[in-house]
Amino acid sequence: MEPKALLSRALQALSGTYDITLDAQILSRRVDALAQLRAYNSKYVLSKKHVLWQANAFEHALFLCADSLSEETARDWFTFLTQEAEPELVHPGKPCPDEGHMYTDLTLIFLYKDVQEDARRFIRRAKFTKNYRFSLRGWASARLLAVDLSRGAIVTNAAAKELRPLFTKLIKDA
């Protein structure tokens, strides 16, 4: 299976709940696809002006397709996601997210023909969690997943392990 074919299958599986943009621009970089989820949840009394609580969740998934993933490329994209894109995607122009923000998942999904061993090691060990105002304004975490199509293998960091079954099914059903 080719990376673009797997991308198409993944986006089709996510299209019911995610807003999808193909060939998207994120700050200074281009990604093959961007899938965004915004879930707003709140409880109010009598009118929406009198909110008791809010718990808003967000996810931004960046899809990248190519031939070979090296540690340098994986590290570069992880640094971009956690240092440059995080402020823009989670709290644009503000020091922290708005009230009611519960969490934001920043997800990098590498769909590659070959994932080098050093890149696999980096992905397994990668961690990022940032709390805003002692978690009163929520948190953000980074999830990494790489699909090695030559081996049919999936590598994730600890935060992305829940994504493994979806991509296992997408590869198996191909």
Side-chain angles (χ1 to χ4, degrees), residues 6-7 9-44 48-49 51-65 69 73-112 119 122-147 154-170:
L6 182 58
L7 173 64
R9 291 174 55 81
L11 295 178
Q12 185 178 8
L14 299 175
S15 65
T17 52
Y18 287 74
D19 296 327
I20 296 171
T21 307
L22 294 173
D23 195 32
Q25 180 82 27
I26 306 283
L27 299 174
S28 62
R29 300 199 183 191
R30 294 201 75 68
V31 295
D32 292 301
L34 172 66
Q36 295 179 301
L37 173 72
R38 295 170 185 88
Y40 299 100
N41 193 4
S42 64
K43 186 73 170 176
Y44 53 89
K48 291 186 179 183
K49 291 180 185 177
V51 177
L52 293 174
W53 58 264
Q54 288 180 313
N56 302 326
F58 306 91
E59 182 174 351
H60 306 278
L62 288 66
F63 289 84
L64 301 161
C65 300
L69 178 63
T73 303
R75 187 178 299 276
D76 179 52
W77 274 99
F78 182 72
T79 302
F80 167 75
L81 184 72
T82 57
Q83 294 180 6
E84 295 177 45
E86 178 268 330
E88 192 62 34
L89 294 173
V90 180
H91 52 92
K94 301 176 201 159
C96 70
D98 295 330
E99 282 187 48
H101 173 265
M102 190 163 103
Y103 71 89
T104 298
D105 283 333
L106 304 167
T107 307
L108 267 175
I109 300 173
F110 300 105
L111 305 175
Y112 280 62
F122 172 76
I123 289 169
R124 277 190 220 103
R125 295 177 181 171
K127 293 184 219 178
F128 174 81
T129 302
K130 185 173 183 178
N131 295 312
Y132 305 101
R133 297 202 178 156
F134 302 104
S135 296
L136 294 172
R137 294 281 178 101
W139 66 89
S141 62
R143 305 186 313 171
L144 275 74
L145 178 137
V147 177
I154 299 171
V155 181
T156 68
N157 68 349
K161 65 184 175 191
E162 65 208 27
L163 299 174
R164 182 184 295 272
L166 170 66
F167 283 89
T168 302
K169 183 175 179 354
L170 290 172

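No hydrogens, no waters, no symmetry mates; every other heavy atom, side chains included, goes into these values.
Between I154 and T168 the shortest side-chain heavy-atom distance falls below 4.5 Å. Counting heavy atoms from C-beta outward, W139 and K130 have side chains that stay 4.5 Å or more apart. F78 is listed as a side-chain neighbour of L144, based on a closest heavy-atom distance under 4.5 Å. Counting heavy atoms from C-beta outward, D76 and R29 have side chains that approach closer than 4.5 Å.
Of the inter-residue distances, the one linking F122 atom CZ with L69 atom CG reads 10.0 Å to the nearest 0.5 angstrom. In this structure, Q36 CD and T21 OG1 are separated by 6.0 Å, a value rounded to the nearest 0.5 Å. With rounding to the nearest 0.5 angstrom, the CG atom of L108 is 4.5 Å from the CG atom of L81.
In plain terms, the two heavy atoms of C65 and D32 that are nearest each other are N-OD2, 2.6 Å.
For Y112, the ring-ring contact (aromatic ring centres under 6.0 Å, His included) partners are F110, not counting sequence neighbours. Under the rule for a side-chain hydrogen bond (donor to acceptor under 3.5 Å, both in side chains), the partners of E162 that lie at least two apart in sequence or sit in another chain are R143. In this structure, R137 has no side-chain hydrogen bond (donor to acceptor under 3.5 Å, both in side chains) partners at least two apart in sequence or on a different chain. S135 is linked by a side-chain hydrogen bond (donor to acceptor under 3.5 Å, both in side chains) to N131, counting only residues two or more places apart in sequence or in another chain. The side chain to side chain contact (heavy atoms under 4.5 Å, CB included) check on R30 picks up D23, Q25, with sequence neighbours excluded. Not counting sequence neighbours, F167 has no partner by the ring-ring contact (aromatic ring centres under 6.0 Å, His included) test. The side chain to side chain contact (heavy atoms under 4.5 Å, CB included) check on S141 picks up D105, T129, with sequence neighbours excluded. F80 meets the ring-ring contact (aromatic ring centres under 6.0 Å, His included) test with W77; sequence neighbours excluded. Partners of Y18 under the ring-ring contact (aromatic ring centres under 6.0 Å, His included) rule, at least two apart in sequence or in another chain, do not exist in this structure. By the side chain to side chain contact (heavy atoms under 4.5 Å, CB included) test, E88 is found to be paired with L27, P92, residues two or more places apart in sequence or in another chain being considered. Residues satisfying the side-chain hydrogen bond (donor to acceptor under 3.5 Å, both in side chains) test with T73, not counting sequence neighbours, are S70. Residues passing the side chain to side chain contact (heavy atoms under 4.5 Å, CB included) test with Y40, sequence neighbours excluded: R38, N56, F58.
Among L106, I109, L34, the single residue meeting the side-chain contact (heavy atoms from CB on, under 4.5 Å) criterion with L62 is L34.
Atom CD of E84 sits in a crowded spot, with more than 12 heavy atoms from other residues, nucleotides or ligands closer than 6.0 Å. Residue Y103 places its OH atom among 12 or fewer non-hydrogen atoms of other residues, nucleotides or ligands, all under 6.0 Å distant.
If you check the side chains of E59 and T107, you find a donor sitting under 3.5 Å from an acceptor.
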